[in-house]
Amino acid sequence: GLEDAEKGTVEIHVTSDRMDACEGRVAWRLTDTEGKEVAKDSRNVRIPARKNTRVERVDLREHLDRIGSRNLLLWLSLEIDGEVTATNFVTFARPKHLELVDPSITTKVRKSGRDAYEVTLSARRPALWVWLEVEDADIRCSDSFFHLAELLDADVALLPPEFPVVGVVGLGQNDGLGGHFGHNFV
């Protein structure tokens, strides 16, 4: 999304690198920094092949005036054929000015193969710019840097030979669970 702090708007764009046009559903959800939902909406969109298209302009001025730019987070998602294929996150304040709270991240680790593991991360409140570190091990992650929206889990596949305790590192918050599957948000 492209925010305009002066106007209090966000333009939502979908960029497709697919060879054929398709249909999808764009959703946005505005929360405060504690994860309380302030507003939301969604709409069906036609996504042209190999183009960037503005699909919506959202006016959030009343919420910005009431709650403040340091306390609002806008979560975007694109769903195609019932599957979320892209996510993004927008703020009206610089990250260092956001009034973030402890997200209370928890992790569950399970073996998913001979030398592979899957970590599920959960947060009670929004967690921005999250990444995984494993003490004394070099790991490859299926998603290396992401945001956790509250009450939504993120599954990250780890492909190390072995590893000790998994720690979550970040600024207490994060972006979107990202993923470039033929589409992304601008």
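FYI, side chains are in, hydrogens and waters are out, and symmetry mates aren't considered; it's all heavy atoms of this structure. A quick note: this is a predicted structure, and the numbers were derived from the prediction, not measured.
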Are there over 12 heavy-atom neighbours, none belonging to [X], within less than 6.0 Å of that residue's [atom1]?
X     : atom1 : value
Glu23 : CD    : yes
Asp20 : CG    : no
Asn44 : CG    : yes
Arg50 : CZ    : no

Nearest 0.5 Å, please: how far is [atom2] in [Y] from [atom1] in [X]?
X      : Y      : atom1 : atom2 : value
Ile12  : Arg54  : CD1   : CZ    : 10.5 Å
Glu118 : Cys141 : CD    : SG    : 11.5 Å
Ser104 : Arg125 : OG    : CZ    : 4.0 Å
Lys36  : Asn71  : NZ    : CG    : 10.5 Å

Check whether any side-chain heavy atom of [X] sits under 4.5 Å from a side-chain heavy atom of [Y], and report yes or no.
X      : Y      : value
Phe92  : Leu64  : yes
Glu56  : Arg43  : yes
Thr85  : Glu79  : no
Pro103 : Leu148 : no
Thr33  : Leu73  : yes
Leu132 : Val156 : yes
Leu76  : Val26  : no
Leu72  : Leu60  : no

[X] versus [Y], closest heavy-atom pair with distance:
X      : Y      : answer
Asp155 : Ser142 : O-OG, 4.2 Å
Ala49  : Met19  : CB-O, 3.3 Å
Glu34  : Pro126 : C-CD, 3.7 Å
Ala21  : Pro48  : CB-CA, 4.1 Å
Arg25  : Ser42  : NH2-OG, 2.8 Å
Ala123 : Ile105 : CB-CG1, 4.1 Å

Evaluate side chain to side chain donor-acceptor pair (under 3.5 Å) for Thr31 paired with Trp75, printing each intermediate quantity in order.
CA-CA 8 Å; Thr31 69; Trp75 305 91; 3.1 Å; yes
Audit row: Arg66, Val38, side chain to side chain contact (heavy atoms under 4.5 Å, CB included) steps and yes/no:
CA-CA 11 Å; Arg66 186 170 44 88; Val38 175; 3.8 Å; yes
By the definition side chain to side chain contact (heavy atoms under 4.5 Å, CB included), identify the one residue from Ile80, Val55, Thr53 that meets it with Ile47.
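So the option named by the test is Ile80.
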Only one of Asn88, Val10, Leu74 forms a side chain to side chain contact (heavy atoms under 4.5 Å, CB included) with Trp28, so which one is it?
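Exactly one option meets the side chain to side chain contact (heavy atoms under 4.5 Å, CB included) with Trp28, and it is Leu74.
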Check the pair Arg110 / Thr120 against side chain to side chain donor-acceptor pair (under 3.5 Å), numbers first and verdict last.
CA-CA 9 Å; Arg110 65 188 164 284; Thr120 299; 3.1 Å; yes
Working note: Lys7 + Arg61, criterion side chain to side chain contact (heavy atoms under 4.5 Å, CB included); need CA distance, chi angles, decisive distance, verdict.
CA-CA 7 Å; Lys7 294 180 182 174; Arg61 172 55 52 200; 5.6 Å; no
Give the C-alpha distance, both sets of side-chain angles, the deciding distance and a yes or no for side chain to side chain contact (heavy atoms under 4.5 Å, CB included) between Val58 and Asp41.
CA-CA 9 Å; Val58 182; Asp41 199 6; over 6 Å; no
Set out, in order, the CA-CA distance, both residues' side-chain angles and the distance that settles side chain to side chain contact (heavy atoms under 4.5 Å, CB included) for Thr91 and Phe89, then state yes or no.
CA-CA 7 Å; Thr91 67; Phe89 157 79; 3.2 Å; yes
Checking the side chain of Asp4 only, and the main-chain atoms of Gly8 only, is there a donor and an acceptor separated by less than 3.5 Å?
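Pair absent, no side-chain N/O of Asp4 close to backbone of Gly8.
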I'd like to know whether His97 forms a side chain to side chain donor-acceptor pair (under 3.5 Å) with Arg94, so could you lay out the CA-CA distance, the side-chain angles of the two residues, the decisive distance to 0.1 Å, and finally the verdict.
CA-CA 5 Å; His97 296 296; Arg94 296 181 69 161; 5.1 Å; no
